[in-house]
Amino acid sequence: MQKIIHLIVGARPNFMKMAPLYEALKERDDGYITALIHTGQHYDEKMSKLFFEDLGMPEPDAYLHVGSGTHGQQTARIIERYEEYILSGNRPDLVIVAGDVNSTIACALVAKKLHISVAHLEAGLRSFDDRMPEEINRVLTDRISDLLFTPSEDGNANLLKEGVPAEKIRLVGNIMIDSLVENRAKAEKSEVMSELVISEQEPYALVTLHRPSNVDEISGLQMLLSAFRKIGEQIRIIFPVHPRTSKNIERLGLSSQLAEIPNLTITEPIGYLDFMKLQMNAKFILTDSGGIQEESTFFGVPCLTLRENTERPITITEGTNQLVPLTSDSIVHYSMKILQGDVKKGTVPKYWDGKTAERVVRVLDEFFESRR
Ligand code: UD1
């Protein structure tokens, strides 16, 4: 009997993690029936649909349309609607959730309470910072998962320390890198450089910002914009603005400060392939994203992470990532060092090789075999 698997996606960073697994499971349709469930946490064309197209993903089998809200509202809506979906004749044998967004914990919780097995892709990552909503989502999802797929050894160590039984933990590597490997050639052909009028040789810094800790309050956002102003005097800046950030810039009255940054190109959120091309060709990246710390390590592009901590320390110990103290002077200082040629070199961590989805499917085969 084929096993039914739900793959949960909700927010932008989920799509590139599930696309490779969806493909790998589809090739095994003798053993698995795979349904893609989109909670609708991200719903804008540019935050969602564009990614489905770029990654060659089909329309979701179910779309829960939960939309925005407070954490409580959004998480509650996902729980309510996903439970309803399962109970209306759509019970799977396994639910796979990815990453650390509200859709991750909400769907894991629904499945667990209905006695359905849960697997967590990208398990074991810890920032040890409970003020970060994603950290709470990570810890709780791992606590109730039956299979924990880790991207790197530090994930295994964190989980073992928390008392997770070793047999539940599987080091499979970084599944996001599967998407990069699969789509690299397509991304090379992206026209985004000419669309943004960037010549092949022109150096630029690529900026992304969306963490509540950076963009929800005026002091933090003002500090960052003043750093960008000084950096913009030395190098062109490309800044695709996240909806949370653009709403806050307007709400906090910082639009004119943004407009004063020299050499700045602002865009709407950018699709997967175009953004990959922009990462590959950047002189360096300034970001508070989780995934971009990893992608830049894979591409060997220096990344300055605008956060006090990271749940992805391997990008620092092995990769090209550095944490930058959150002051305007430090951000400018680290950026200038790169422009002067003082560039952190890195290597690509083990199992970040494009074969993670294959390893996951092998573990799933064993998992179901052991339960027969
Ligand atoms: C969420 C994730 C975060 C992830 C990020 C990537 C949680 C707790 N956070 O944060 O881990 O790194 O996505 O983008 O799950 N909005 C739109 N259009 C959309 C989606 C959101 O305009 O398609 C607006 C919302 O109305 C809201 C803001 O953007 O005002 C934030 O969206 P939300 O999903 O709450 O959190 P993110 O900051 O995107």
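Atoms considered below: every heavy atom in the structure, side chains included; atoms not considered: hydrogens, waters and symmetry mates. Numbering of ligands and ligand atoms starts at 1, following listing order.
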Within the 3.5 Å criterion, strictly below it, is a donor on Asn309 or Asp129 matched to an acceptor on the partner's side chain?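 Present: a donor and an acceptor within the cut-off.
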Do Gln293 and Thr310 pair up side chain to side chain, a donor and an acceptor below 3.5 Å, judged on atom types alone?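 Yes, because at least one side-chain N or O of Gln293 sits under 3.5 Å from a partner of the opposite role on Thr310.
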Winner among [options] once heavy atoms are compared against [atom]:
{"atom": "atom 21 (C) of ligand 1", "options": "His42, Arg211, Lys247", "value": "His42"}
{"atom": "atom 12 (O) of ligand 1", "options": "Glu134, Gln73, His210", "value": "His210"}
{"atom": "atom 2 (C) of ligand 1", "options": "Asn14, Asp216, Val101, Asn137", "value": "Val101"}

Which ring pair (Phe, Tyr, Trp, His ring centres under 6.0 Å) pairs, counting each pair once, include a residue from residues 44-76, with sequence neighbours left out?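 Every ring pair (Phe, Tyr, Trp, His ring centres under 6.0 Å) pair that includes a residue of residues 44-76, provided the two are not neighbours, is Phe15-Phe52, His38-Phe52, His38-Tyr63, Tyr63-His65.
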How far is [atom] from the closest protein heavy atom, and which atom is that?
{"atom": "atom 6 (C) of ligand 1", "answer": "Pro13 CD, 3.5 Å"}
{"atom": "atom 36 (O) of ligand 1", "answer": "Arg244 NH2, 3.8 Å"}
{"atom": "atom 16 (N) of ligand 1", "answer": "Tyr43 OH, 3.5 Å"}

Pair [X] + [Y]: basic N to acidic O under 4.0 Å:
{"X": "Glu122", "Y": "Arg312", "value": "yes"}
{"X": "Lys247", "Y": "Glu250", "value": "no"}
{"X": "Lys49", "Y": "Asp54", "value": "no"}

Counting from 1, what ligand 1 atoms have a heavy atom of His71 closer than 4.0 Å?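 Checking each atom against His71, I get 8 (C).
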Under 4.0 Å from any heavy atom of Asp44, which atoms of ligand 1 are there?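 Those of ligand 1 that fall under 4.0 Å from Asp44 are 17 (C), 18 (N), 19 (C), 22 (O), 23 (O).
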May I ask you to check if ligand 1 and His242 share an N or O to N or O distance below 3.5 Å? yes
